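Encoded as structure tokens, the structure appears first; notes follow it.
Predicted model, so just to flag it, every value in this text is computed and none were measured. So you know, we letter chains A, B, ... as the sequences are listed, proteins then strands, and number each from 1. Computed over heavy atoms, backbone and side chain alike; hydrogens, waters and symmetry mates excluded.
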There are 2 protein chains.
Amino acid sequence: MARLAGVSPVTVSRTLAGGKNVTPEVQQRVIEAVRQLDYLPNENARGLRPGQHSGLIGVAITNLSNPFYGTFALGVEEIAHARGRYILLGSTGESASRESDLIANFLSRRVEGLIVIPAGEPAPRRWVRRLGQVPIVVAAREAADLDADRVLMDDAAMARRAADDLLAEGHQRVAFIGNIVTVSAHRARYEELGRAMGAAGLRMDPRLVRGVTDDVEDAASHARDFLDIAHQPTAIIAANNRIGVGVLREYARRLDEGVRADALPLVAVFDELELGDLLRVRVRAYASDPRELGRTAARTLFERLDGVAVGGPRRLMVPA
Amino acid sequence: MARLAGVSPVTVSRTLAGGKNVTPEVQQRVIEAVRQLDYLPNENARGLRPGQHSGLIGVAITNLSNPFYGTFALGVEEIAHARGRYILLGSTGESASRESDLIANFLSRRVEGLIVIPAGEPAPRRWVRRLGQVPIVVAAREAADLDADRVLMDDAAMARRAADDLLAEGHQRVAFIGNIVTVSAHRARYEELGRAMGAAGLRMDPRLVRGVTDDVEDAASHARDFLDIAHQPTAIIAANNRIGVGVLREYARRLDEGVRADALPLVAVFDELELGDLLRVRVRAYASDPRELGRTAARTLFERLDGVAVGGPRRLMVPA
DNA sequence: GTGAAAGCGCTAACAA
DNA sequence: TTGTTAGCGCTTTCAC
């Protein structure tokens, strides 16, 4: 490359860096050679030099096929792109070991920062020690053992609104499907729901609470159980989108079997349900804003990278 | 690191590479030092050596918030993970220049291979020359100027099935929303539809064809037009998922205004419509399998990387 | 079994 | 303005 232009590698570097201290003529020669060879500087080598950054952000989400996380990633990318960064992306599938591997690999590629949706599987995050000075933003869920910035949805507000609606309609027996043990967002939604109902002199029946994180079929089977018990709940609350879809899958089966739509419990879904208003069954969605969540997570990360934000971990709330 | 273990960097490298030619004792010392320092070898430096590979696959999709592409990426990741590779991911938003930038950056990070969903914006792909020996797989859509392996859905089969259904029900006036000019998948679906209807002595009315790629609101506004013309079509065909959602958004508005569900044209949607069977309006979905598409794309890429596949570009079809 | 030397592609610092 | 030197962190080759 340098040979073709008849200059030294330094001159190539300088030209590509903006051309400071290079004769226009020489620059021209370099540019020409670059084009002729389709030369692309090796970013990995460049990042090796001290003081240079890799231009990479590591993003670990739980499940790419869930549109919530896809949209989240889109929000992250939007900001990252505006800041000239590129995304290393992986999904954990809620597995703690996969999360650990993924992050170790991100770090070994010298990402400048990390954005992580913590995996639900409960396990100590031994990888935090490896972070060193690399900033990390935890999004969508709490992670007790991570001493880092958090960007969360307003789970309590969403849950309160849901509770208000349910109470206003006179529901007394409501079921809940979600992983309240390991997924903080689900737990927050559940607890606030319980509080709001408690304030109205009601309580969640623990026999009507089932744990699932993201699995459509699992959720469907819990819904089946609820529909089959003698004293059906009057509403089923799905802690997220995928769980909601699972419940509705079971509803579709029931309708096929001749069950009437208004004989089925109301379904309340968190996180958005596309076309919920067009369904033949009674559904209510309490939507969060995954794209803005992603954007905010990325902005928060960049504030650390820029040194704009200093000090202890921050906690940001993205309104629903 | 090497100092802490009292050995040379070479010995560390050897130990981490499996420990060939290192005394178990010394290995132990190295392992211990690694743990103590939370040492992670620098993958970028490692990849710098000749003959080493980066362990990265570049994936360029059009829109992460579309669950179709999210699921596609999941399929890619599944295979990549099994092969110990990691994913550099970016979305093009259908923009040709963004596609070009993205791929240039992937290449400058020395990805081992690329998987690309070509952006719809028509523009010559000048970046192909930069590929050098890096294999690329084109997925989901054709890209005429790319001389590379392709992994496509069976658009024609899906369209034929849709046409059969429509014809069986006596539809004669059907509208189509999709970008038949620049998105080959949409075009293939449209053309096959036309062929099948032609065989039945009917034809698509060109005034009932509108171009949109992925935009929900755009699609909704076209649907609005179709609903407002005097001689309504009896069916509206959406070339993909997002377009279908757009059409249905408009339907939801109409229902709110008191329009009866059975007064609205049937909607046929390609690529899957979650919960389509639960909608209050008549909808038919012709689903493809994005996850398998992603898996197949990744497998095809690895066959090139492994040297299992040689010779000219292959064309694979993933059944719907 | 271990280490010294060399070089992957790049750029900051210094020299010419 | 341009080039030489050196070193980022790693691994391959060769010597011991």
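Checking side-chain atoms of B/Glu112 against main-chain N and O of B/Gly55 turns up a donor-acceptor pair under 3.5 Å. In this structure, A/Ser65 contributes its side chain and B/Thr71 its backbone to no donor-acceptor pair below 3.5 Å. Proximity of a side-chain donor or acceptor of B/Arg125 to a complementary backbone N or O of B/Ala144 within less than 3.5 Å is not detected. Side-chain atoms of B/Glu121 come within 3.5 Å of backbone atoms of B/Ala96 as a donor-acceptor pair (strictly under, hydrogens ignored).
Protein atom CG of A/Asn44 is 22 Å distant from nucleotide atom P of D/dG7, rounded to whole Å.
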A/Arg187 and A/Glu142: CA distance, side-chain angles, deciding distance, salt bridge (charged side-chain N to carboxylate O under 4.0 Å, His left out) verdict: CA-CA 10 Å; A/Arg187 186 171 53 246; A/Glu142 272 295 350; over 6 Å; no
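Atom CZ of A/Arg126 has 12 or fewer neighbouring heavy atoms from other residues, nucleotides or ligands inside a 6.0 Å radius.
Within residues 20-29 of chain A, no residue is approached by DNA chain C to less than 4.0 Å at the level of any non-hydrogen atom.
When only modelled atom types and interatomic distance are considered, B/Asp271 and B/Ser288 share a side-chain donor-acceptor pair under 3.5 Å. Using a 3.5 Å distance cut-off with no hydrogens or angles, the side chains of B/Asn42 and B/Arg46 do not pair a donor with an acceptor.
Rounding to the nearest 0.5 Å gives a distance of 13.0 Å between CD1 of B/Ile31 and CD of B/Gln36.
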Dot-bracket pairing map - DNA chain C, Watson-Crick plus G-U, both contacts under 3.5 Å, | cross-strand: ||||||||||||||||
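A sub-4.0 Å separation between OP1 or OP2 of C/dA4 and a side-chain N or O of B/Ser8 is absent.
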Anything under 3.5 Å between a protein N or O and an N or O of nucleotides 10-12 of chain D, put it in a table, one pair a line.
unit_1 : atom_1 : unit_2  : atom_2 : d
D/dC10 : OP1    : B/Tyr39 : OH     : 2.6
D/dC10 : OP1    : B/Asn42 : N      : 2.7
D/dC10 : OP2    : B/Tyr39 : OH     : 3.0
D/dT11 : OP1    : B/Arg46 : NE     : 3.3
D/dT11 : OP2    : B/Ser13 : OG     : 2.5
D/dT11 : O5'    : B/Ser13 : OG     : 3.4
D/dT11 : O4'    : B/Arg49 : NH1    : 3.2
D/dT11 : N1     : B/Arg49 : NH1    : 3.4
D/dT11 : O2     : B/Arg49 : NH1    : 2.0
D/dT12 : OP1    : B/Gln52 : OE1    : 3.3

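Of the residues listed (B/Asn240, B/Thr213, B/Thr62), the one engaging B/Val183 in a side chain to side chain contact (heavy atoms under 4.5 Å, CB included) is B/Thr213, and it is the only one.
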